[in-house]
Number of protein chains: 2
Amino acid sequence: MPRRVDHQERRQRIAGALWRIASTRGLEGASLRDVAAEAGISLGQLQHYFATREEMLRFTLEHFSALSGERIRKRVATGYPEPTPRAVLREIAAELLPLSEEQRVALRVQLGYLVRVLHDEGLRPQAREGVLALRGLLADQLRIAAERGELTAGLDPEREAVRLLALTDGLANAVLLDVLAPGAAMGLVDEHLGGVFGG
Amino acid sequence: MPRRVDHQERRQRIAGALWRIASTRGLEGASLRDVAAEAGISLGQLQHYFATREEMLRFTLEHFSALSGERIRKRVATGYPEPTPRAVLREIAAELLPLSEEQRVALRVQLGYLVRVLHDEGLRPQAREGVLALRGLLADQLRIAAERGELTAGLDPEREAVRLLALTDGLANAVLLDVLAPGAAMGLVDEHLGGVFGG
DNA sequence: GGTATAGCAATACAGCTGACTTGGAAAAGG
DNA sequence: CCTTTTCCAAGTCAGCTGTATTGCTATACC
């Protein structure tokens, strides 16, 4: 047996290269040769780790969406002062908005991914599950708030989860398009939360 | 001089073909030959009307965004029973959500366009203007409502315009992804408007 | 009625794409 | 030592891409 290489690590390195290219030229604009060059490897080596372009795209998207989910869960779990439902929801929204350059890049790529999903039936289930999981996370917090009586009367946690997620999503798009400042987006989230929590 | 053809009409016909392809395979996935075939013309003829692919894309997007704007303005202007600000805002939101198959197609393509805009600096100004115009339309109605005292106390028309537009945008994405029923999206808009208008 | 020219069909072309094939280097196990 | 298998570099290939070129046809005008 010859030397064994950490496949997972190599794949992640390639995924990073693809991510960097996709952030400027878009997912579809990244050819195998481009990615290989960006990763500093040969086309042959890239193909050794990803037999097909589709496989490379799929792995990369799964990798980064897993990273994103992990970051969110970490934000929720980590002990910050007073992990109230409202504070948790604020943290999640902050994670979903393009407040930093890194988030901006990620959102730009993810938007390209969304388009891809809309045109490709096969990718839809995974994307749907991701959204539904996130929505569930928000709904959990809202339900806790409702039990504590912190929620504005008459609001349904499940519906408010959908509304907050949609709002954040829309605000993110606006910030990406430079028609809304990142700070203003966060301000609107806060104002929205103010209305949801016993305004 | 040989016979003269209505260039504008031919271009619009081609734009329609591109739109149909883009709705299933995405904007980038539509080659000149595909579009020509869909339009029932030769590649040569298509090139006679659009010297370059970029020109074709630009025309098509401008054409359909103009159509969309026209539809919205018509909805606002047309006399429906009691054109209150709230009713007008509801109509605009209904126009922006994927409630019909035609709207679904348009939104899918427009989302691809958004991604394209994010990766191409040159296209950004036009897209920004479109969003800002729409936001202005919403803000106008909210300002009228505020003058009438119909707005919930403490809400700023300009900020609420941003919030409503972002919410609609996010809801549209959710519906496209099949994680939200069209009717539920419209229901959430109504609930949202209920909170904005003197809840 | 000749002629200039818009309209268009057909083809050519260079470049890039993803996928495949071939061959060799290197190292772990027998 | 020697085989086996992984790793990977290089080249090849067919297919598609947008664009450019060429030339024919039909028609409106002088």
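Per chain, numbering begins at 1; letters A, B, ... match sequence-line order.
One can place CG of B/L43 at 12 Å from P of C/dT11, the figure rounded to the nearest angstrom.
In this structure, B/Q12 and B/F59 have side chains that are in contact, with non-hydrogen atoms separated by less than 4.5 Å.
Non-hydrogen atoms lying under 4.0 Å from DNA chain C are contributed by A/Q47, A/T52, A/R53, all within residues 45-58 of chain A. Residues from residues 114-124 of chain A that place a heavy atom under 4.0 Å from any atom of DNA chain C: there are none. In the region residues 17-37 of chain B, proximity to DNA chain C at under 4.0 angstrom, judged on heavy atoms, holds for B/R33.
For A/D156, there are no salt bridge (Lys or Arg N to Asp or Glu O under 4.0 Å) partners, not counting sequence neighbours.
At the phosphate of C/dG7, neither OP1 nor OP2 sits under 4.0 Å from any side-chain N or O atom of B/R10. OP1 or OP2 of D/dT6 has not a single side-chain nitrogen or oxygen of A/H7 nearer than 4.0 Å.
Between B/E62 and B/R58 there is no salt bridge, since none of the side-chain N atoms of the basic residue sits less than 4.0 Å from a carboxylate O of the acidic one. Classification of A/E158 and A/R135 as a salt-bridged pair fails, no side-chain N sitting under 4.0 Å from a carboxylate O.
Within the structure, every pair that satisfies the side-chain hydrogen bond (donor to acceptor under 3.5 Å, both in side chains) test and touches residues 161-173 of chain B, not counting sequence neighbours, is listed here: A/D169-B/N173, A/N173-B/D169, A/H192-B/R163, B/E160-B/R163.
Here the closest non-hydrogen pair linking B/L97 and B/A172 is CD2-N, 3.7 Å.
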Take A/L142 and A/V196, measure what side-chain contact (heavy atoms from CB on, under 4.5 Å) needs, and give me the verdict at the end.
-> CA-CA 9 Å; A/L142 286 161; A/V196 171; 4.1 Å; yes
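In this structure, A/R11 forms no cation-pi arrangement with A/Y49, as its terminal cationic atom is not both closer than 6.0 Å to the ring centre and no more than 45° off the ring axis.
Heavy-atom neighbours of B/E102 CD from other residues, nucleotides or ligands within 6.0 Å: at or below the threshold of 12.
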Name each donor-acceptor pair under 3.5 Å that joins a side chain in residues 35-48 of chain B to protein atoms two or more places apart or in another chain, with its distance.
unit_1	atom_1	unit_2	atom_2	d
B/E38	OE2	B/R20	NH1	2.5
B/S42	OG	B/G44	N	3.4
B/S42	OG	B/Q45	N	3.0

